[in-house]
Amino acid sequence: MKLKEVFAAAAAALIGAVTGANAQEPLKIGAVLEVTGPFASIAKQIENGMRLYIARHGDTVAGRKVELIIKDSTGAQPDVAKRLVTELVTRDKVDFVVGFGLTPNAMAAAPVVTEAKVPTIIMNAATSVIVSKSPYMARVSMTLPQVTMPIAQWAVKNKIKRVYSLVSDFGPGLDAEATFKKNFTAAGGEIVGEVRTPLKNPDFGPFIQRIKDAKPEAVFIFLPAGEQGISFMKGYRERGLAEAGIRLIGPGDVVEDDILEAIGDSALGVVTTHHYSAAHDSPLNREYVKAYMERFKIRPNFMSVGGYDGMAVVYEVTRKLNGKIDADKAMEVIKGMKIDSPRGPIQIDPVTRDVVQTVYVRKVEKKDGKLFNIEFDKFENVRDPGT
Ligand code: PHB
């Protein structure tokens, strides 16, 4: 063979290899997560949930090898998130965009995935409005109004009349504040004071003192999962709010499973409403918690379940579409989809593309010497009520 022919043969072989590979191209899933910075624990739980799903269900679906590409938004950084999503859809040409611990990052992604037409699964970010911002978004986690409305009803039923509200000053906190206020006051409750704390580096001390001085029967609280709950609960203990007869109520983020042991016994008796507890009593959840703890050596929280169920959606869509992902067809498959989740059965609302689920009432108690949110009542088929 002449040199020219050798090149031609090599080129042909290369093209053949590439076309052959086409049929088997990896299923690319691009995740935007807060991997570093103050919200890293959120990202870790979501990533763990995704990886556990892949480990338990195989890394190939409809003949395509699953490839997870994780991009670090480094915190509540909408500009960074927007750039990363743009890279994922233009350069990496991902089949799905997933992730989003935090609302500002999910909001920044909406116009990009709409323009690029890429199905996008929100695995945590929980401000009500997010999924309405793109027809290519669906959510498997929760919305703050969805998990807050039940605690407002529970509080009234349990004769709590005067409440001080403290929320983190960003989307989900504002949703929680508005939902609690609306439902609690409509049923005859009174908000005796309210405060919004900064998302970055909050110092809760002065706020906690103000709450104590106002002598409410309870403090309603929403803080993002992770460190902030530990720090708030420390102040609550140190300033003697429980001794002053001030109860703590809210959606479950402030006593989520990943931080309960770090908070310690001052969490005992706290009643919250939420969609997931590691203590949820079902065979599926027991298996989930066991597999998760064996693999990652920490307790799974609701964020991990968002990651896990989000991957269940990706797998089901890929199977139904025989591996050929078309955004409009994918959304049709997602609408109305039912998933058997470790939290119990959930469904994606066919109209809003938001999650419909049971919200549980739970109290922090000791089980086998460890602190857990023990579910004792529930509200079934709760949709996002909006704000
Ligand atoms: C959100 O950014 O939407 C968010 C963050 C942490 C939570 C809940 C919601 O615990």
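Atoms within each ligand, like the ligands themselves, are counted from 1 in listed order. Residue numbers count from 1 along this sequence. Just so it is clear, the values below take in all heavy atoms, side chains as well, and ignore hydrogens, waters and symmetry mates.
For H275 and F302, the ring centers are positioned less than 6.0 Å apart. Taking the six-membered ring where the residue is Trp, the centroids of Y315 and Y53 are separated by under 6.0 Å.
Every atom of ligand 1 is numbered from 1 in the order shown, and the set under 4.0 Å from a heavy atom of A126 is 1 (C), 3 (O), 9 (C). The contact set between ligand 1 and F302, taken as ligand atoms under 4.0 Å from a residue heavy atom, comprises 10 (O). Using a 4.0 Å cut-off to heavy atoms of M142, the atoms of ligand 1 that qualify are 8 (C). Ligand-side atoms of ligand 1 in range of A225: 6 (C), 7 (C), 10 (O), range being under 4.0 angstrom from any heavy atom. Less than 4.0 angstrom separates some heavy atom of G101 from each of these atoms of ligand 1: 1 (C), 2 (O), 4 (C), 5 (C). Short contacts between ligand 1 and N124, defined as distances under 4.0 Å to a heavy atom of the residue, involve ligand atoms 4 (C), 5 (C), 6 (C), 7 (C), 8 (C), 9 (C). For ligand 1, the atoms sitting less than 4.0 Å from at least one non-hydrogen atom of P224 are 6 (C), 7 (C), 10 (O), numbered in the order shown with element in parentheses.
Taking only non-hydrogen atoms, the option from I130, L102, T103 nearest to atom 3 (O) of ligand 1 is T103.
T143 and D384 share a side-chain donor-acceptor pair at under 3.5 Å.
Ring geometry for W154 versus F376: interplanar angle over 60°, hence perpendicular rather than tilted (30 to 60°). Taking the six-membered ring for Trp and thresholds of 30 and 60 degrees, Y292 and Y288 have ring planes inclined between 30 and 60 degrees apart.
Nearest approach of A176 to T148, heavy atoms of both residues: O-CG2, 3.6 Å. In terms of heavy-atom proximity, R162 sits nearest to K215 at NH1-O, 2.8 Å.
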Criterion salt bridge (charged side-chain N to carboxylate O under 4.0 Å, His left out) on E194 and K181, from CA distance to verdict: CA-CA 10 Å; E194 50 189 341; K181 201 192 235 175; 3.0 Å; yes

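Heavy-atom distances between G171 and ligand 1 stay at or above 4.0 Å for every pair. The shortest separation from a heavy atom of F222 to ligand 1 is under 4.0 Å, placing the residue in contact. E256 does not count as a contact of ligand 1, since none of its heavy atoms falls under 4.0 Å from the ligand.
No N or O atom of L223 sits closer than 3.5 Å to an N or O atom of ligand 1. Annotation: D253 places an N or O atom under 3.5 Å from an N or O atom of ligand 1; distance criterion only.
When heavy-atom distances to ligand 1 are checked against a 4.0 Å cut-off, P172 comes that close only through its side chain, counted from C-beta outward. No part of F100 comes within 4.0 Å of ligand 1, judged by heavy-atom distances. Contacts with ligand 1 closer than 4.0 Å are made by no heavy atom of F39, backbone or side chain.
Between the side chain of E261 and the backbone N or O of L371 there is at least one donor-acceptor pair closer than 3.5 Å.
Both cation-pi conditions hold for K367 and F372: the charged atom is under 6.0 angstrom from the six-membered ring centre and inside a 45 degree cone around its axis.
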